[in-house]
Amino acid sequence: MAMNTAEMELKWQERWREERVFEAEPGNGEKYFLNVPYPYINGLLHIGHTLTYSRTEFMARYKRLRGYNVLFPYAFHATGTPIVAAAGRVADGEESQMNILRSMDIPEDELSAFSDPLHWVEYFPIEAERDLNRLGVSVDWRRKFMTTSLNPAYDAFIRWQFNRLHEQGLVRKGRHPVVWCTHDNSPVGDHARIEGEGEMPQEFVLLKFEIDGEYIVAATLRPETVFGQTNLWVDPEEEYVKADVDGEVWILSKQAAQKLSEQKHEVATVGSVFGSQLLGKEAVAPMIRRPIPILPSSFCDPEKGTGIVTSVPSDAPDDWIALVDIKADEAGMDRYGLDPEMVRSVEPIAIITSEGWGDFPAGEIVERMGIKDQTERDKLLEAKHVIYRSGFYTGVMREVAGEYAGMPVEEAKDRIRDEMLEKGEAALMFELSNPVVCRCLTPSIVKVVDDQWFIAYGDHDWKARARECLAGMNLYPEVARKQFEHVLGWLRDWACTRELGLGTKLPWDDNWMVESLSDSTIYMAYYTISHIITDLPEAALTDSLFDHVFLGKSDAATVAMETGTEIDTVERMREEFLYWYPFDLRVSGKDLIQNHLSFTIFNHTAIFPQEHWPRGFGTNGWILIGGQKMSKSSGSFRTLRSAIEEWSADAIRFTLAYGGDGLDDPNFDPDLAGTIGDKFNTWLEFAQERYGKGVDDERAIDRWFRSALYSAVEDYCDHMDLMEFRAGVKRGYYDLQRDLRWYLRRCDEPNRSVISEFIKVTTQMLSVFAPHVSEEVWETIGRSGFVSVSQIPDPDPGSIDSDALDAESVLVDLMDDLREVLGLVGDTPGDIHLYTAADWKWHLADAVRDSVDDGVVKFQDVMSKVMSDPEIRKNGKVVPPLVKRLIQERASYGIGMDAENEKLSDEADFLSQEFGRKVHVWTEGQAEDPMGKAKNALPYKPAIFIGNME
RNA sequence: GCGGGGGUAGCCUAGCCUGGCCAAUGGCGCAGGGCUUAGGACCCUGUCCUUAGCGGUCCGAGGGUUCGAAUCCCUCCCCCCGCACCA
C-alpha cells in the first residue's frame, strides 16, 4: 500500500541527510559548482524564490546523474536596511508590519521579539532551511553562513575584498548628486517616493559670463551649443541676487543660489540686481571668449536653471523666436533703452550639421510649425525636443567649433563641457525636472554628496576586462547576452557604502558600512571554505590568510604561523578553493542582470586571475501563478511551505520545471500541480508491477522501444545541458510515457530487459524533478543506493535503431489515416485493403529526393530529370502531380520498399485487432482495386480501400 | 528617450538561429468512448473548415524573396521588462 506522500517525502529527506548524500568534498571526478543568490532573510521563502532555486536544484541533480562531483551550497543575506527598518516598525507597534509577520504564521506572543533585528537574523534562516529541505533540495548545508559583522569570518572576507579593490584604486571617494530628503537626511530611492518615481537629477552646465569682474551665470543642458551663442536673455522684471559663490561673485536667481548651497558650494548673498539693470550691457561668453549683449525675454524662469539663459538662436527655437520678437519690438527696445541697431545686428551662427536640417534648424522648425511668438509654450517645447533629438543623435559639429569640428554632437557634448569645467568657465548644477516627494511627505531636493565611496564600474579598463569575462561565459538562455553587454557598458560608478543598516564596516573608514549589493559579488568563493573557516578564531581571519587561500600568495606554512592556524587547515582551504573554483553556474532572476550579476563579473575580474572568472549564468523570469502575477492582493501569493502542504514537494518541483524557460515569465499551473502527484503514484505502481518481468525474446517492437528510450535520453541531455527544463520534462517524461503506452499496446508482454531498463532510466531522468518518488521507485525495483547519486548511462548511439523508429512511424501514420478513413466510411462493411506503392514510385521518390538534394528545385527541371527514366515515363500523366507532392512532402524515412512491405505484413494482425477488420496487404498494380484507390499509394503512405473484393 | 524580450490554436507553450515529414510540440481545459457498482484515477480518440485519408484556410497586420515561409527580408501595429544608490 502506497504511503502518504508527505511521509514518503520526509522519509527520503531524512535518509539523504543521514547518509550525507549531498555533502560535497573535493575529489578526483570532474567537479560542477553551482549556486544561487542567497535570499534576503526578512521573511519566509515563497514560490517566486523557489523558481530560481529549483532551476539550480535541477541542474545540480542532473549533473550528478551525469557523473559530476557537484557542489550546491547556500547562505543567507542580512546586509542592508530593510530588516533594521522593519524591526523598528515592530518596535513602534506598526500594525501593517505586525500583520506581515502574522501572515507568516508567527504566533502573537512572539511578535514583540521581532523588534530586535537580531531576532530576524536568527529566526528566518532556520525557517528557510527547513522549507528548502522540505522541498528536497540537494544542498551541502555544512557550508551555510550569514552575512554581516554577525559572522566574523564573512565580515573579514568582505573587508579583505574591499582592501583588494581599494589598493587597485577601484574604490574611490566621489562626489555625486542624489535625490535627497532633508527630513530623513538620506537619499530617496525610487521605492521610497510617493511622487516622482524615475526622476533623476538633471545636469545643468552653468556658464559664467564675465562682466566687470563678476559673472552672470546662465544654465544650459546643451553645452555643445556654446559656439553659437549670440546674446544672453534675462527677465527684466526679475530680481536676481549677487552671491559670493566659492569666492566669486555670481549673478543668478535666488532659487539657483539656494540649490548651489546644497550642492557643495559656499554661497553667501551679497546683493541683488534687477534684470532690467543688466539689459544692453555685454558680457564675455565662455569658450568663445567674445562679449555678447544682454537682452530681455519673457521665458526666463527663476525656478529653472539660474533664471538666465544663454541664447543660441541657430539651434534653440525659444531663442530664435525671442530674437525675432525683440527685433520687431520697437517699443520694447525703447523702453529698455536698447540700441535698435545693436539688437538688429544680432545674427544666428550655424554650429551643427544634422540630418534633414539646414544652417538654422531652430528657424526652420519655428516656421514649419507656424510658431508666431514666445507665448506659444507648448509648441516651442515640442520644437525643442525635435531639434534636440536630431541634433544629438545625427548632428556633427561645424567648422566654427574649432578643435571639435567634425565631431559627432553625442561625443562633443561631454568634451566641451569638460573643457569649460577645467578652465573654470563653467560649473555644474543639478536639479529635478519634476517634483519628487519622499514617503515622509517632504519634497526632495538634489544634494551633492562628496564623502561617499564608489566602486569604479565606470572605469574604462575594468569594463574591458568585464567584457572579456562575459565573452567567455555560458549564458542560459543565450538571449540574455545582449542585455549583459549593454549593462556592462552602461554601468557607472556605484555608491557602495551606507551609514545605516547591518553589514560590514569599510576597513579603512569606520564611518561607513559596505552596502548590500556590494558585499555579495565574489562570495561564491567563500562557499569553498565556509565550513572550515567558520571554526577559526577571529585573530586568524587576516588578509594574509585570504590572500593565500584565494590568490596563492605566500605559502601555507608562513600563513599558518602568522595567523596561528594549523597548517593542515590552511592547506585544506586552499585545496578546496582550487578544486571548486571558478563556479560553473550561478542562477538568478532576470532582475539581477543589471546589477548583481554584472557586479559579480566586474569584481571577479578585479580580484581573481582569469582562470577563476565565472563560467556561467542562468537567468529566468518571474513566476506567474495560473497566468497571474503573484500578488498578495489577488490571493495568488504562496509561501513555499504552504505550497508544499497543498501539492507536495515533487509536484511543485515538476510543475515549476514545466512552467517554462527563457526570460519570459514562466507559469506555475496549479491544475498541473494538482494532477501530477497521481501520475507519480501510477508510475510507482507500474514500476513495482513490471520491473524484471516479461519475455526474453527480443522482437522488432522491443528494438523500437529501446531506440525510443535512448533517443529520448539523448534529447533530454541536450536540453538539460542548456537548462531547458521544460523541454527536458517533455522529452524525458511525457514523450516516454506516451511511448510506453504505445509499447504496451503493441505487445502482449514486454521484454524483460527492455522494460526494466526503461523503468530504471526513466526514473533517473525523473529524479531530477521528482526525487522523492524516484527514490521510492528505485528502492522498489531493488536498486541499491540512491537514485540521486546514480549515473545515467551515456547515450549510446548503438542502442538507437533508426530503421526501427522509421518503420514504426510508418505504421503510426498509417493508423492515423485508417482511423480517419474508417471514421468517414462509417459502417461500410468489408475488410481493410492496403496497397503499398509500386516499384516505380519508389524510384521516382528517390529521383526527386536526389535532385532536390542536388539543389535542383524547379518543378520543370525535376520533371525532365525524372522523366529520363523509361520506367517512370511509362506512367506518363500521373507523374506530374506525384512529383509535385513528393517535392513538397520530401518524406524521407530511412527504410526502403522491402522494409515497408515487411513491416505492414508483420503488423497486419495487429492492425486487424486494433480496427476489428481483416487486413490485407497488396502492392499497387498487382491486385484488384475496385474503387481505384491503389493509385494513391506513395512510399511510406500506403493507399487504403475499405470494402470487399469480388 | 535608451536598451532588451515578445505576439503561435479555448488557455499556456514548443518550433524561428540552420526554410521543406508543420494543420504545426507538449500540457491544461473541453467532448466522446473504454474500464468501473458509481465517482475519481487510468487508457483510447477527438478538439480550424472540409473530406473515403491527397483539399482549404491558418502562426499580430501588410508586402517581398523562394519551387516551397510560423521560420529569411522590409514596413506597420500591439504587449512585457530594466534604466541604479535599492533588496
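Values in this document were obtained by computation on a predicted structure and should not be read as measured data. Here is the naming used below: chain letters follow the sequence lines, and residue numbers restart at 1 for every chain. Heavy atoms only: backbone and side chains are in, while hydrogens, waters and symmetry mates are out.
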- request: Could you tell me the separation between the CD atom of A/Glu685 and the P atom of B/C42, rounded to a whole number of Å?
  value: 11 Å
message: Give me the distance, rounded to whole Å, that separates B/C74 from B/U65 when you measure between the C1' atoms they each carry.
response: 11 Å
message: In the structure I gave you, are the side-chain heavy atoms of A/Pro942 and A/Leu904 within less than 4.5 Å of one another anywhere?
response: yes
message: For a quick check of understanding: with a heavy-atom distance under 4.0 Å over all strands, which category does A/Ile946 fall into, base, sugar-phosphate or nothing?
response: base
- request: Would you indicate, yes or no, if B/A52 has its OP1 or OP2 atom less than 4.0 angstrom from a side-chain nitrogen or oxygen of A/Arg819?
  value: no
task: Look at A/Arg726 and B/A14 and indicate whether a side-chain polar atom (N or O) is within less than 4.0 Å of OP1 or OP2.
output: no
Atom-to-atom span, CG of A/Leu805 to C1' of B/C21 - whole angstrom: 15 Å
task: Would you kindly compare A/Gly660 and A/Lys730 by the position of their nearest RNA chain B nucleotide and give the one closer to the 5′ end?
output: A/Gly660
query: If you look at every strand shown and take non-hydrogen atoms under 4.0 Å, does A/Ala727 touch a base, only sugar-phosphate, or nothing?
result: nothing
query: Looking for any heavy atom pair under 4.0 Å, which part of the strands does A/Pro37 touch: base, sugar-phosphate only, or nothing?
result: nothing
- prompt: Parallel, tilted or perpendicular: which describes the rings of A/Tyr38 and A/His77, with under 30° parallel and over 60° perpendicular?
  reply: parallel
task: Could you tell me whether A/Val178 contacts a base, only the sugar-phosphate backbone, or nothing, with contacts defined as non-hydrogen atoms closer than 4.0 Å?
output: nothing
query: Could you state the CZ-C1' distance from A/Phe76 to B/A87, rounded to the nearest angstrom?
result: 16 Å
- prompt: Where does RNA chain B pair, written as one dot-bracket string 5' to 3', with Watson-Crick or G-U pairs under 3.5 Å, ( ) inside the strand, [ ] for crossing pairs and | for another strand?
  reply: ((((((((.[[[..)....(.....]]]((((((.......))))))((.....))...[[[[[..)....]]]]])))))))....
query: Hey, is the side chain of A/Lys679 poking within less than 4.0 Å of OP1 or OP2 on B/C28, counting only N and O atoms?
result: yes
query: Rounding to a whole Å, what distance do you find between A/Asp665:CG and B/C80:P?
result: 12 Å
- prompt: C1' atom, B/U57 versus B/C22: distance in rounded Å?
  reply: 14 Å
task: Would you mind telling me which residue lines up with the more 5' stretch of RNA chain B, A/Gln483 or A/Asp669, judged by nearest nucleotide?
output: A/Gln483
- line: Separation of B/G53 atom P from A/Glu924 atom CD, nearest Å, is 17 Å
task: Measure from NZ on A/Lys482 to P on B/C83 and round the result to the nearest Å.
output: 21 Å
- request: With heavy atoms under 4.0 Å as the rule, sort A/Asn595 into base, sugar-phosphate or nothing.
  value: base
field: Those residues that, when tested against A/Ala651, pass side-chain contact (heavy atoms from CB on, under 4.5 Å) (two or more places apart)
entry: A/Trp647, A/Ser648, A/Ile676
Polar side-chain atom of A/Arg917 near backbone of A/His833 as donor-acceptor pair, under 3.5 Å: no
message: Under a 3.5 Å threshold, yes or no: a donor from one side chain and an acceptor from the other, between A/Asn620 and A/Thr52?
response: yes
field: Pair A/Asp451 + A/Lys173, salt bridge at N-O below 4.0 Å
entry: no
field: Length of the OH-P vector between A/Tyr733 and B/A14, whole Å
entry: 20 Å
- prompt: Quick check, are the ring centers of A/Tyr658 and A/Tyr734 under 6.0 angstrom apart?
  reply: yes
- prompt: Is a side-chain N or O of A/Lys941 found less than 3.5 angstrom from the main chain of A/Asp817, in a donor-acceptor match?
  reply: no
field: Any A/Thr81 side-chain nitrogen or oxygen under 4.0 Å from OP1 or OP2 of B/A87
entry: yes
